[in-house]
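Below: one structure, written as structure tokens.
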Amino acid sequence: MAMKVERAAPPREDRLEAGTAFCGTCMELRERLGRPDGGCFNQANRSFGQSFGCQFTLSLAMLNTLRNTVVIVHGPVGCGFWSVGGAGATRTMKRLRDPAQGSTVQISTNLDESDVISGGEKKLREAVIRADREFRPEAIVVAATCVPAIIGDDVDKILDEMQNDVSADLVAVNCEGFKTKLMATAYDAVYNGVLKDLSRKRIEREKLTVPDKLDDLLRNYKNSHTVNVFNVGSMGRPDELELARLLNALELNVNFLPCFASPGDFRKVLDAALNVSICGTHDDYYVKHIHDEYGIPYIIDTMPIGRKGTARWLLNIARHFNIEEEAKLLIEKEDAALNEALEPYRAVLKGKRAYVSGGEMRIFVTAELVKDLGMEIACLKSHHIDHFVEPVMEDLEISGDTYIDIASQHPFEQANLIRRLKPDVILMHTGGGNITAKHGLPVLPLFNPGNNYMGYSGAFEIAYRLKRVISNSQYNKNIQRFRPLPYRESWYEKEVFSYIKES
Ligand code: SF4
């Protein structure tokens, strides 16, 4: 039976028993994940926390990528701050999909103290009408912050009442930040809005058209060789082109969504034989629902980063279409070419120790790639942990004694770990770049939508850029000299994980 789509997605602490506080080695983590109670990760906590991300911000990052869409931030104007920093990159990525695209259009209802008393409904209605009349988008997405959730604005009901007054599809995304400590709940919140208000409306509309038999036959044939690849906001067009190149070589067609898609593309979810996730953390809420409701199978396994990850990702897809032998030939050819190209880089990178920090899936596959380049892993740090990481951990060839810190931000723990473990290079989620630069070490962003990280060409690009940052880290040394980290010596003398409270 299909998973029921409620008004809002539940927090991942409840749905997946995910956790944000763990200290220990990879071996200990693996043992905890294997326990029948799921390791009770979501019971652990910190007695002190420096910062953690807000799911609203990550929802906005994903929503801003949608083409032909206006996003309404229903809340105080400050909640939309992230959009300013990401506007340039988002516009560029949209234009790489469709050169006619403009910038992200975002409207804030700018709720203030008096709205907290009298309610935000009037402002929301005005914003929806203005978005529809002025920009004529295909969809208007209302992203609801903490304030409407606290004062009780029923965004779904308001949009339902307004739907017949506007031409755009109205979508409610309930993603208030206070609801969860797990930023990744944002993906579920966005998909919840898409399932409630976008996929359903588009599919219902399609049913009204009279099918043509020949069209149907052609479409069915094409669909049987088509894969929906669920992209992530941290990857850009270069990654998509590399993955499309590999899948096209296996004579498969590819649709990329949800990021940088237009609302109409969510109808195309049904025009495919298989849904494939790029990152296990991202898509299970959506692809499981599409499977249960419409019968389309899905794969959630590893990320196509590094030789091992890419081969495993491709073979999973090939197995579904019964073309494993063709995939093995392709992998062999790509592997040989990449191996040869990496040799000069391995000579320079051999023995260097890396600190890898970011999303759970990405850090493990990147660690695998770093090992393939002859480097060592000094430490890993992940925003959160859940069972999606298990297949990736199975494959990992790093030492079981390697430390892993599960921490949504909390850069004070990172500072202590880096001082103790003395890595040579940091591979880091871009969001932590400001404070990370103060360590005085070379830093390679763990992702950057403008660069290629995935597939075989991505592995080469990472090696090339790692060599470059390691060869010259003078810039970060200068930052460390003139803008040192803010922590006292007494913190570095303390045990790194002293504030973690086990369940
Ligand atoms: S936690 Fe709430 S108030 Fe703060 S930015 Fe996130 S949505 Fe806005």
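The structure presented is a predicted model; accordingly, all values stated were derived computationally and were not measured. If you read the sequence from its start, that first residue is 1, and numbering goes on from there. We count ligands from 1, going down the list as the structure has it; atoms in each ligand are counted the same way.
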For atom 4 (Fe) of ligand 1, is the nearest protein heavy atom under 4.0 Å away? no
Tell me: protein heavy atom nearest atom 8 (Fe) of ligand 1, and distance? C79 SG, 2.3 Å
Among all protein heavy atoms, pick the one closest to atom 6 (Fe) of ligand 1 and tell me residue, atom and distance. C54 SG, 2.3 Å
Atom indices of ligand 1 within 4.0 angstrom of G177 heavy atoms, with elements: 1 (S), 2 (Fe), 7 (S)
Which ligand 1 atoms are under 4.0 Å away from a heavy-atom of F56? 7 (S)
Residue pair H282, F230: steps toward the ring pair (Phe, Tyr, Trp, His ring centres under 6.0 Å) verdict: CA-CA 8 Å; H282 208 260; F230 284 76; 8.4 Å; no
State the CG-CG distance between N416 and L485, to the nearest 0.5 angstrom. 11.0 Å
Ligand 1 contact on C146 by region, counting heavy-atom pairs under 4.0 Å: both
Below 4.0 angstrom, N of the basic side chain to O of the carboxylate: do R136 and D132 qualify? yes
So if I apply the side chain to side chain donor-acceptor pair (under 3.5 Å) rule between T109 and each of H74, R125, K123, which one comes out positive? H74
D284 side chain to V287 main-chain N or O, any donor-acceptor pair under 3.5 Å? no
